[in-house]
Amino acid sequence: MNEIPDSIIDNMVKKNIDVDLTQEILDNYNAGKYDHIEPVRAKRIPSIDGETVVDTRGEVGFRLHRDTAEARVGDLLGSQHPADYGVAEGDELVFEKAHLEELGKRLMPRVAYGVLNGGSATSYADYKKNEKLNSDLLDFLREPFDRLAEMSSGRAKGITPAFLQPDGSPGPSFLELKMRGLLIRALEYQLHYDKEDGELPPPLSPFFQMTSVYNTDEIAQAYEQYREKPMLAELIRETGIDITDVETREQPLLAAYTHSDEGRPKSIFARAYGAEGETLPVPGGHGQNFHVLRDIYKYLYENGKRFAYIGNVDNLGFTVEPVSVAYLALSGKQAGFDFSFRTSVDVKGGILVVDQNDHMNAADLGVAIGKDEVAEAEQAGKEVLFNCATGLFNLEYLVRCLDDIVEKLPVRFSDQDKDAGKYSQAEQVTWEVIGMLDNFVVFGVDKYDRFLAAKMLLETLMTSGVGLDDPQYPTNDDPAGDPKGMAETLHAGLERKLRTVYGMKREGDRWVPQSVAELKRELS
């Protein structure tokens with residue numbers, strides 16, 4: 001065991017670093033417990049087989065024996081049974097997409113929804129990082145960029161504006177929209193099924209989240225305000241669900257470790273910014289959610305939930321999808337993951353591959369698999385799927401296997417050379433859990449419906465449609481680099497989501513929430 005000096009421990013405590021977890025990871029590394037972890041290497045790109053990889057953009061269906069359907073979902077449906085939704089063909093039930101949609105809506109009391117909040121929006125709004133995305137577009141949108149950056153920098157990203165209104169004012173935050181979407185789904189359930197189903201858990205409640213030691217208080221204060229704002233207040237009163245009463249756990253911070261150039265054993269990096277004895281707090285990756293949220297997952301299961309969504313707060317396409325819920329329930333699989341079909345602009349990120357162990361996994365394009373190899377596979381007629389960072393877990397499986405996942409999810413060390421110095425950091429990636437599962441489904445989805453992500457502020461401006469009516473908007477003939485074409489597609493996706501899942505309507509130059517009366521008319 002590499003003993004940490006008391007002075008270094010004191011410095012870590014002062015910086016809100018989890019000393020015990022940092023020590024545990026350090027000891028495990030020096031004991032060689034991570035030496036077996038190897039990078040994901042792709043052998044090939046899998047095909048869409050309709051069973052493990054399912055194209056959900058068009059018609060999708062499911063067929064299984066009536067007794068199997070009853071065993072898997074019969075106890076979850078209140079007064080109904082699977083046969084009430086499928087079409088009987090002998091001893092089997094056939095569920096077409098419309099049947100899955102209806103069944104999934106009926107299962108909403110069994111579903112929970114949570115977000116990984118991440119850190120602040122400072123990096124998101126960093127000028128130099130956004131400039132690398134597209135310098136011409138940033139120059140063109142400099143005024144709205146600066147305005148939105150001022151609203152966002154230093155704040156928890158989830159409570160920053162998710163888009164700019166057509167009149168240039170800030171729209172609702174990412175978290176306001178997500179909470180509103182959940183309440184609208186809950187209202188839909190209550191309108192159609194609540195009186196029939198009796199004592200079931202409240203639909204899509206409680207909302208749960210992983211925050212950090214830096215943003216928990218700021219987010220909690222925002223929720224106090226959201227409760228009384230037009231986006232949520234009327235829906236909270238109507239449904240009786242206070243969606244702002246959130247189950248929360250804080251992700252701990254780790255200390256940075258010494259750079260691999262310094263060899264083994266590793267120790268705590270304690271020369272941050274050249275100051276002797278100064279440690280550096282760093283996040284441990286969203287894969288820590290399985291450890292941090294462990295008791296929440298167990299609480300949800302004990303209180304009647306059987307499925308749990310988890311995804312990133314900054315993806316406006318990450319919403320509840322009834323077809324996916326029904327498919328996962330009927331299949332009995334451990335989890336389902338959204339992967340979007342590759343477009344011409346998708347040149348970075350994790351794609352679906354078969355890895356060196358002949359197991360389906362997510363691997364970085366250009367790192368684990370070459371771009372030429374991907375192009376060759378596409379020319380041969382294969383579809384390439386990009387990770388949307390959205391998971392839907394069977395809670396019975398997750399709760400039973402949490403300890404195993406926490407222990408075996410890869411801990412990867414990456415060397416850094418930044419202003420703070422040369423160091424390494426340990427991280428766990430949530431979606432590497434795919435490589436640990438043996439019975440899951442990949443949902444092939446439309447990127448512009450399920451993956452409206454905003455890693456850079458410039459992407460938020462594109463999705464908002466800012467400046468699209470200006471003939472000077474930067475454009476070119478290369479589909480892989482045409483910012484205007486990309487912005488138009490992203491903006492159309494946002495407008496569809498606002499009108500549907502998020503229950504908004506456009507009045508003049510602003511998107512405003514529909515009233516409960518208007519929502520009821522549309523949902524009836």
Side-chain angles (χ1 to χ4, degrees), residues 34-48 52-53 116 118-119 123-124 129 132-133 260 282-290 310-312 314-315 317-318 335 337-380 382-391 405 408-418 424-437 440 442-445 447 450-456 459 480-481 486:
Y34 304 135
D35 290 354
H36 68 284
I37 296 173
E38 56 181 342
V40 177
R41 297 192 303 274
K43 287 180 66 174
R44 64 182 185 276
I45 293 171
S47 300
I48 297 167
T52 302
V53 185
L116 305 171
S123 176
Y124 160 75
K129 288 189 175 183
K132 291 178 182 178
L133 188 62
S260 62
V282 293
H286 275 166
Q288 282 189 332
N289 87 85
F290 298 109
I310 192 75
N312 295 333
D314 56 9
N315 177 10
F318 168 41
F337 304 95
D338 283 356
F339 277 69
S340 63
F341 289 86
R342 192 181 96 88
T343 67
S344 58
V345 298
D346 292 321
V347 294
K348 292 182 181 179
I351 67 170
L352 188 69
V353 302
V354 176
D355 65 21
Q356 66 266 35
N357 300 313
D358 290 317
H359 196 288
M360 218 170 288
N361 212 332
D364 284 340
L365 175 61
V367 178
I369 184 169
K371 295 178 182 179
D372 291 343
E373 189 176 348
V374 169
E376 184 178 332
E378 288 182 318
Q379 289 170 6
K382 285 194 172 180
E383 297 265 22
V384 176
L385 292 166
F386 265 73
N387 188 9
C388 295
T390 299
I405 292 172
K408 295 180 180 178
L409 191 69
V411 177
R412 300 193 185 277
F413 287 78
S414 60
D415 285 327
Q416 308 291 330
D417 187 357
K418 297 183 178 179
S424 67
Q425 66 185 91
E427 291 185 291
Q428 290 177 297
V429 178
T430 303
W431 312 114
E432 289 205 49
V433 74
I434 295 172
M436 300 171 61
L437 306 181
F440 61 93
V442 169
F443 298 115
V445 300
K447 169 180 177 173
R450 301 290 295 165
F451 196 49
L452 297 172
K455 296 304 175 187
M456 292 286 106
E459 292 176 306
M486 182 66 169

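Numbers for residues simply follow the sequence, beginning at 1.
Considering only heavy atoms from C-beta on, Glu427 comes within 4.5 Å of Ser414 through its side chain. Within the 4.5 Å cutoff, side-chain heavy atoms of Cys388 are placed close to those of Ser340. Between Glu383 and Val53 the shortest side-chain heavy-atom distance does not fall below 4.5 Å. Using a 4.5 Å heavy-atom threshold, the side chains of Lys455 and Asn312 count as touching. Contact check for Lys408 versus Ile37: no side-chain heavy atoms found under the 4.5 Å cut-off. With contacts defined as side-chain heavy-atom distances shorter than 4.5 Å, the pair Thr390/Val445 does not qualify. In this structure the side chain of Leu385 never reaches within 4.5 angstrom of the side chain of Phe337, judged on heavy atoms. By the 4.5 Å heavy-atom criterion applied to side chains, Val429 and Arg412 are not counted as neighbours.
Asn361 pairs with exactly one of Val40, Leu352, Leu437 by the side chain to side chain contact (heavy atoms under 4.5 Å, CB included) rule, that one being Val40.
Nearest heavy-atom pair across Ile45 and Val384 is CD1-CG2, 3.9 Å. What you find for Asn387 and Phe451 is that their closest heavy atoms are O-CZ, 4.0 Å. Contact record, Ser123 with Met456: O-CE, 4.0 Å, taken as the closest heavy-atom pair. When all heavy atoms of Ile310 and Phe318 are compared, the closest pair comes out as C-CZ, 3.6 Å. Shortest non-hydrogen contact noted between Ala426 and Phe413 is CB-CE2, 3.7 Å. In this structure, Gly287 and Thr430 approach most closely via the heavy-atom pair N-OG1, 3.3 Å.
Note that CE of Met360 and CZ of Arg44 are 8.0 Å apart. Values are rounded to the nearest 0.5 Å. Rounded to the nearest 0.5 angstrom, Phe386 CZ and Phe339 CZ are separated by 10.5 Å. The line from CG of Asn315 to CZ of Arg450 is 8.0 Å long, rounded to the nearest 0.5 Å. Between Gln425 atom CD and Gln416 atom CD the span is 4.5 Å, to the nearest 0.5 Å.
Taking the six-membered ring where the residue is Trp, His359 and Phe440 present parallel rings, their angle staying beneath 30° rather than reaching 60°.
In this structure Glu38 satisfies the side chain to side chain contact (heavy atoms under 4.5 Å, CB included) test together with Arg41, Gln356, Asn357, sequence neighbours excluded.
In the displayed structure, Glu376 atom CD is contacted under 6.0 Å by at most 12 heavy atoms of other residues, nucleotides or ligands. Atom CG of Asp372 has 12 or fewer heavy atoms from other residues, nucleotides or ligands within 6.0 Å.
Put simply, the side chain of Gln428 gets close to the backbone of Leu409: a donor and an acceptor are under 3.5 Å apart.
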